Amino acid sequence: MRYWLMKSEPETFGIDDLYARPQQTEHWDGVRNYQARNMMRDEMKIGDQILFYHSNCDEPGIVGIAEVVRESYPDFTAFDPDDKHFDPKSNPDKPTWFMVDVKFVRKLSRTISLRELKTKSELSELALLRRGNRLSIMPVSVEQWAFILALE
DNA sequence: GCCAACGTTGGC
DNA sequence: GCCAACGTTGGC
């Protein structure tokens, strides 16, 4: 089993929105970055655990845990001209973009903020903290996973 | 709102 | 293939 961190803007889709979905499950659409796509398409497996990260908000940080419940399939929002994430280069016969389904596991008892994560030398290799990192999906090692959740 | 750090696009 | 222009992300 592997571990991941996935970013989402709480104003668009936060941890409470995931909780409120039917089956507490939602497809992770809208990823339009090849590196992030490759991780969803090739590496994320059912049962993988996810740190749910809130970005672009008052207190950016990790707010909950989710898990992969469906492995990669075409991101159909790319086919819809009316969708914000429409991409004319992608079509159902040869999709460019893929997504997985994720299910709510739990909220953390508190937000583990980016500010706090930055103070931990144990996390110096965490992709989230590397200079200039803007990936919306990134791998987390088992050691990093355990360290972060021990902060809760 | 600002801006650094990218990734993408497209002219050449 | 190079690289300038542009768009996006996301912290602050």
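As the structure is a computational prediction, the values presented were derived from the model and not from experiment.
- Remark on DNA chain B: of its neighbouring residues A/Asn56 and A/Arg134, the 5'-side contact belongs to A/Asn56, judged by nearest-heavy-atom nucleotide.
- Contact check for A/Thr111 versus A/Val63: side-chain heavy atoms found under the 4.5 Å cut-off.
- By the 4.5 Å heavy-atom criterion applied to side chains, A/Leu135 and A/Met39 are counted as neighbours.
- Put simply, chain A comes within 4.0 Å of DNA chain B, heavy atom to any atom, from B/dA5 to B/dT9, going 5' to 3'.
- A heavy-atom distance below 4.5 Å is not found between the side chains of A/Asp75 and A/His27.
- Ring-plane geometry between A/Tyr73 and A/Phe76 is classed as tilted, the angle between the planes lying from 30 to 60 degrees on a 0 to 90 degree scale.
- Hydrophobic cluster of A/Tyr34: the remaining members, joined at side-chain heavy-atom separations below 4.5 Å, are A/Trp97, listed by chain and number.
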A/Arg32 and A/Thr77: CA distance, side-chain angles, deciding distance, side chain to side chain donor-acceptor pair (under 3.5 Å) verdict: CA-CA 11 Å; A/Arg32 297 292 180 266; A/Thr77 64; 3.1 Å; yes

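- Minimum interatomic distance between A/Met44 and A/Met6 (heavy atoms only, all atoms of both residues): CE-SD, 3.9 Å.
- For the atom pair CE of A/Met99 and OG of A/Ser72, the computed distance is 10.0 Å after rounding to the nearest 0.5 Å.
- Within residues 118-127 of chain A, the residues that have a heavy atom under 4.0 Å from DNA chain C are, in order of number, A/Lys118.
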